[in-house]
Structures are given as structure tokens and as C-alpha cells.
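These numbers come from the heavy atoms of this one structure, side chains and all, not from hydrogens, waters or symmetry mates. Chain letters run A, B, ... following the sequence lines, proteins first and then strands; every chain starts at 1.
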Amino acid sequence: DARVTQTPRHKVTEMGQEVTMRCQPILGHNTVFWYRQTMMQGLELLAYFRNRAPLDDSGMPKDRFSAEMPDATLATLKIQPSEPRDSAVYFCASGLERNSPLHFGNGTRLTVT
Amino acid sequence: TQLLEQSPQFLSIQEGENLTVYCNSSSVFSSLQWYRQEPGEGPVLLVTVVTGGEVKKLKRLTFQFGDARKDSSLHITAAQPGDTGLYLCAGAGSGGGADGLTFGKGTHLIIQP
């Protein structure tokens with residue numbers, strides 16, 4: 001059963017440190033999304049890629065967040081420097097075009113102290 | 001920005017009862033998806049509705065897409081403890097399902113035995 005894999009599952013870090021989250025999308029999916037989930041805001045779209053090209057990152061604080069897809073099997077989301085308000089669960093999802101479902105990973109729970 | 005409002009935000013009922021949760025917007029969506037999320041996991045797709053007025057059934061779950069494609073409802077008959085979870089609706093704009101879905105904040109559903 002194909003799955004989206006995210007690492008690490010949990011990350012605790014101090015304010016100011018760099019955080020890197022990784023995602024392996026489902027093989028053959030050409031679209032990759034990064035979402036952030038908090039109780040207050042729900043699921044917020046941060047960025048998405050199609051065929052490894054960034055299409056929209058308007059939901060991301062660009063001064064500290066960056067998202068890349070170095071190859072078709074790896075997507076990364078970096079925060080530098082991290083702040084306590086970045087504490088959330090970060091989800092990666094992959095999919096195909098046009099009305100097909102999104103497949104989510106199990107998320108990275110980030111805590112910044 | 002397309003917004004989806006879900007109601008109620010929280011719902012706790014006894015096993016065997018029926019319930020309906022709602023997903024409303026002032027925007028028109030090309031399709032709407034319902035996901036269920038359990039603690040520590042990512043959302044998992046339940047159903048996609050595409051046509052205005054469409055009704056889809058998944059065992060005890062009935063999903064309806066409004067005629068104007070602006071709203072949707074999920075009805076659960078004879079709820080069971082296994083139905084407990086966060087139910088999310090997500091709307092796809094003109095770009096289709098894999099073009100950055102807009103998620104509602106979800107309905108937290110607890111079914112008590």
C-alpha cells in the first residue's frame with residue numbers, strides 16, 4: 001500500500017535553531033503539498049509543487065521558511081530561524097491532477113521552545 | 001480567498017444516534033472532498049463529490065453536495081465509537097483537486113459507547 005512518508009515524526013528544538021522536515025511522496029504522484037495544522041487555524045496550505053516546480057508558496061512566511069524538491073522522491077521544508085509560533089503539525093501530501101484525492105503523511109509534530 | 005465554514009466545531013453524542021455535519025461557503029467549488037483524521041495521523045479521504053446535488057453513500061455515511069456547489073453535508077446513521085475523529089471538508093477551485101485544496105477547520109466528533 002503506497003504511502004507518503006514524513007520524517008521526523010516529532011521534533012523539539014529551541015528558538016533560533018534550524019529545522020528541516022522531509023517528505024517522500026507516493027511514486028508517480030506529480031504534485032506535492034505542505035500544510036500546517038494548528039487547533040486555531042486548522043490546515044493551512046504553505047506551498048505546493050507540480051512536477052518538482054514550485055507553483056505557490058504564498059502561504060509561507062518567506063523570510064524564514066523555504067520549500068524545495070531536490071528530486072521526485074524528496075520534498076523538504078526548512079525553517080530558519082525557528083520561533084515558538086511555528087509549533088504545529090506539518091503535513092506533506094501528494095496527489096495527481098484534477099479531482100483525485102490527496103494522500104497525506106502522518107505529519108511532523110514540531111515544538112519550538 | 002475561498003473559505004469553508006464547518007459546523008458544528010465539536011459534537012459529542014451517544015453510540016447509535018444519528019448526526020449531520022455541515023460545510024458551507026460563499027464560493028463555488030469544482031469538487032468537494034471529505035476527509036477523516038484520527039489522532040497522530042494525517043487526513044484520509046472518504047469521498048469526493050463533483051456534481052451539484054450529488055449524493056454518495058459509504059456504508060452508514062451519506063454525503064451530499066449542494067445544488068449550487070457551495071455547500072455539503074455529511075450524515076452518519078447509527079454512529080459508532082469507530083466514527084470518532086476530525087472530519088474535514090476541502091474544496092477544489094477551478095484548477096481541480098490537486099491544485100491547493102482549501103480546507104475547513106473541521107468538526108471534532110466523539111461517539112461515546
Side-chain angles (χ1 to χ4, degrees), chain A residues 1-10 21 23-26 28-51 53-60 67 88-109, chain B residues 1-10 21 23-25 28-52 54 56 58 63 65 69 72 85-108:
Chain A
D1 202 17
R3 294 186 180 197
V4 174
T5 303
Q6 288 187 249
T7 56
R9 286 298 312 273
H10 302 272
M21 291 168 270
C23 167
Q24 182 175 357
I26 291 174
H29 283 186
N30 65 340
T31 314
V32 175
F33 301 81
W34 283 103
Y35 284 90
R36 174 171 64 185
Q37 187 176 41
T38 61
M39 275 297 293
M40 292 297 294
Q41 300 298 328
L43 270 169
E44 300 174 280
L45 179 64
L46 296 176
Y48 72 95
F49 297 78
R50 180 178 295 147
N51 297 322
L55 286 191
D56 186 359
D57 61 1
S58 60
M60 220 163 56
V89 182
Y90 290 80
F91 285 101
C92 174
S94 68
L96 297 167
E97 310 206 30
R98 299 276 168 184
N99 294 329
S100 60
L102 286 188
H103 295 257
F104 284 81
N106 283 333
T108 293
R109 180 174 292 278
Chain B
T1 303
Q2 298 174 309
L3 293 176
L4 281 165
E5 299 285 338
Q6 290 192 246
S7 61
Q9 195 174 351
F10 297 94
V21 298
C23 174
N24 295 300
S25 176
V28 176
F29 292 98
S30 61
S31 68
L32 199 136
Q33 300 176 6
W34 283 92
Y35 291 79
R36 186 171 83 193
Q37 184 179 14
E38 299 190 27
E41 298 182 7
V44 176
L45 181 79
L46 294 173
V47 78
T48 301
V49 285
V50 179
T51 307
E54 182 176 3
K56 279 192 174 178
L58 189 66
F63 303 84
F65 202 11
R69 290 185 288 126
S72 182
L86 174 64
Y87 288 81
L88 296 158
C89 65
S94 57
D99 241 358
L101 290 173
T102 299
F103 279 85
K105 291 185 180 180
T107 293
H108 293 263

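- Highest contact tally toward chain B, considering only A/Q41, A/E44, A/H29, is held by A/Q41 [criterion: heavy-atom pairs under 4.5 Å].
- Aromatic pair A/F33/A/Y48: centroids less than 6.0 angstrom apart.
- Neither the backbone nor the side chain of A/R109 comes within contact range of chain B; no heavy atom of the residue lies under 4.5 Å from a heavy atom of that chain.
- Residue A/M40 touches chain B through its backbone alone, counting heavy-atom pairs closer than 4.5 Å.
- Checked options A/N30, A/I26, A/T31; the residue passing with A/L96 is A/N30 (criterion: side-chain contact (heavy atoms from CB on, under 4.5 Å)).
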I'd like to know whether A/Q37 forms a side-chain contact (heavy atoms from CB on, under 4.5 Å) with B/L86, so could you lay out the CA-CA distance, the side-chain angles of the two residues, the decisive distance to 0.1 Å, and finally the verdict.
CA-CA 12 Å; A/Q37 187 176 41; B/L86 174 64; 3.7 Å; yes
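- Nearest heavy atoms, A/L102 versus B/Q33: N-OE1, 4.3 Å.
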